[in-house]
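To find a chain, count down the sequence lines: A is the first, B the second, and so on, and within it residues start at 1.
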Protein chains: 2
Amino acid sequence: MNFEDVSLTALRVFRAVAEHGTFTAAAASLGYTQSAVSRQVATIERAAGTQLLQRRREGVRLTAAGLTVLRHATVVLHEIEATARELSGLPPAAGTVRLGWIPSAGAVLLPRALTELSRTDPGLRVVSREGTTPVLVRALRAGSLDLVLLGSAPPFRSPDTETPPLVVETLAERSLRLAVPASHPLARGDFVDVADLRGQRWIAGPSSGEDRLMGVWPGLDERSEIAHTARDWLAKLHLVAAGLGLTTVSAALTPAAPDGVRILPVRGGPQEQRRLLLARLDRPSAQPVARVAAALRAAALDTT
Amino acid sequence: MNFEDVSLTALRVFRAVAEHGTFTAAAASLGYTQSAVSRQVATIERAAGTQLLQRRREGVRLTAAGLTVLRHATVVLHEIEATARELSGLPPAAGTVRLGWIPSAGAVLLPRALTELSRTDPGLRVVSREGTTPVLVRALRAGSLDLVLLGSAPPFRSPDTETPPLVVETLAERSLRLAVPASHPLARGDFVDVADLRGQRWIAGPSSGEDRLMGVWPGLDERSEIAHTARDWLAKLHLVAAGLGLTTVSAALTPAAPDGVRILPVRGGPQEQRRLLLARLDRPSAQPVARVAAALRAAALDTT
DNA sequence: GAAGTTCATGACGATTACGCATAGCAGATG
DNA sequence: CATCTGCTATGCGTAATCGTCATGAACTTC
């Protein structure tokens, strides 16, 4: 079987798998069973004559050939969708930009950039969605997002190691700060000393994988007590406001801190920097995408 | 049924129909029966929700929607083929240019341009094929040719009236000439007077459609005797050499005239001009295509 | 070692796609 | 006017394909 005999269905299934990272999730997103996905992937791999996916316990990873297929598949499927749109008389819909963002970019940068955009480019339509870094990166590679806002911590590795590499731009570099209840003794000054952080109670992020101490000040070698874990920033900050613990927060979130929470720098330890990244594919960006990127860049400068 | 549900097979069939102009010819080129083609076209039209082809007695003609679909289909199919090539480890094969030409461009211009190209761009591969104007234009639109050499006579209408229009460039404008046997009384001078053309025997081209007098000097209102009809230039010119008749020929063919044939201008009538055109789609041309176009342009100037 | 992931696969029913044969239609030809 | 020769459309039977269900195998986590 030749690759030219693949079906569009197989390409769609493959794209969904690439985007969601597992057969099961892809199946759910398509309304198929996992079995159907498995067969379609087997078929397309037979057609390609090579493995396109490395099966690993936690899901799949694209091989080099898989990336090649994905690159072409996104073009093909996009073209089909564009044909359908044109035939139904709709405009080319080239004005819509799809943006992905991590939660910590959603409270300040995103609304500012979008507000500004709606003033300067009222014709531009932006649809956005939140997600974790791996989810957003996969969606970007699968062609279902045009731009992605990501975070990065030292040693500032690239968000993925695939080829071709993503085009990544640093929008801002901010120091990591501490969210402290206004009523807390530590909140009296304009900064906190790292020595005072031992023995505090912490509100951590969801313990996902390696960086399981997200939310706890880095480098505290003593066993820190994690009192609560939460993913949502509003919840985290209100837990802090209620005096239930401390948490780390990017300086960029300062303007969004609710009453009862102070965002303070920490002195005495190594500089803890966090970067906000804007990533896209290495294809030439359409003009509306470039406008949104520019607005995000401007908004990031604004919040300095 | 939505257009997004079309199959690649349907797109391929549709492209073949657009290229060959009839269901039957498309079926033959694909190794299908006419029945299968008819069904696939019906399916894709149902998916598109509109007629894509006007059925006429002599074949089909694309509607506006049909052109839209064709445009996208060529992209999609090209992308699939590129994927197949990449997966089999071959280079992107971006160095191959597909050129179409009408017979009168094949004897002089084509070999000159290709010889020159093989000297200046040895890495460039050109595959070419001969065809009639409508066949070549359809093949160009269907994406199976990159460049097409065409002829044009007054009133120099565009080779087709579809949208988007083809990008057409005039490579040369030559006067129409007369091929005369060297032994013929008319061959004594350096030109022929139009008055002497009455009552001659002619070697015409195949009587296809409107321009059924191709080969006979235009404007001879009397009934001219067509002694032979031939499509092939070598045959035509050797029929002339054997004294079996006269025929018209573009001045560009002069260097290719065999012994026993003189190519002479005709005086006394209106100027009969013929243009050699180079046509391509309105998409931006890849660099190798531009090289070939440049070589053709240069060769056309050379043969002035 | 039990439970919960992951992907793979045999069996089955519904759909689809093809070729064959034939019908319908319009212009050319005698 | 009848026939012939292009063209496309369609009824029918067969063979391949696709998706679900149910189950299995490999592996991590508790």
A/Ser35 has a side chain; which of C/dT9, D/dT10, D/dC27 sits nearest to it? C/dT9

Nearest heavy-atom approach of A/Ala279 to A/Leu150 is CB-CD1, 4.2 Å

Do any side-chain nitrogens or oxygens of B/Thr24 fall under 4.0 Å of OP1 or OP2 in D/dT8? yes

Is a donor-acceptor pair below 3.5 Å formed from side chain B/Thr33 to base C/dC18, judging by atom type as modelled? no

If we only count heavy atoms from C-beta on, is the A/Phe156 to A/Leu277 side-chain gap below 4.5 Å? no

Side-chain N or O of A/Arg56 less than 4.0 angstrom from OP1 or OP2 on C/dC7? no

Identify whether any heavy atom of A/Ala36 sits under 4.0 Å from a base atom; if not, whether one sits that close to sugar-phosphate; answer base, sugar-phosphate or nothing. base

Could you state the CZ-P distance from B/Arg12 to C/dC18, rounded to the nearest angstrom? 11 Å

Distance check: side-chain N/O of A/Ser38 vs OP1/OP2 of C/dC7, anything under 4.0 Å? no

Verify the contact: side-chain N or O of A/Arg55 to OP1 or OP2 of C/dA8, cut-off strictly under 4.0 Å; return yes or no. yes

Whole-Å gap separating P (D/dG6) and NE2 (B/His20): 18 Å

Classify B/Gly21 by what it touches in the nucleic acid, base, sugar-phosphate, or nothing, heavy-atom distance under 4.0 Å. nothing

On a heavy-atom basis, which atom in B/Asp282 and which in B/Pro164 lie closest, and how many Å separate them? OD2-CB, 3.4 Å

Starting at atom CG of B/Leu30, determine the distance to atom C1' of C/dA17, rounded to an integer number of angstrom. 14 Å

NA contact type, A/Val41, heavy-atom cut-off 4.0 Å: base, sugar-phosphate, or nothing? nothing

Do the side chain of A/Arg39 and the base of C/dG10 come within less than 3.5 angstrom through a donor-acceptor pair of N or O atoms? yes

Write down the distance between CZ (B/Arg46) and C1' (C/dA17), rounded to a whole number of angstrom. 12 Å

Given atom OH of A/Tyr32 and atom P of D/dG19, what is their separation to the nearest angstrom? 5 Å

Note: for B/Phe23 and A/Gln40 on DNA chain D, the residue whose nearest nucleotide lies more 5' is B/Phe23

A/Ile44 CD1 to C/dA8 C1', in whole Å, measures 17 Å

Measure the distance from CD on A/Gln54 to C1' on D/dA26 and round it to the nearest whole Å. 17 Å

With heavy atoms under 4.0 Å as the rule, sort B/Thr9 into base, sugar-phosphate or nothing. sugar-phosphate

Any side-chain heavy atom of A/Thr248 sitting closer than 4.5 Å to one from A/Glu272? no

Below 4.0 Å: OP1/OP2 of D/dG19 and any side-chain N or O of A/Gln34: no

In this structure, how many angstroms lie between the P atom of C/dT16 and the CG atom of B/Asp5, rounded? 10 Å

So which heavy atom on B/Leu147 is nearest to which on B/Arg280, and how close? CD2-CB, 3.9 Å

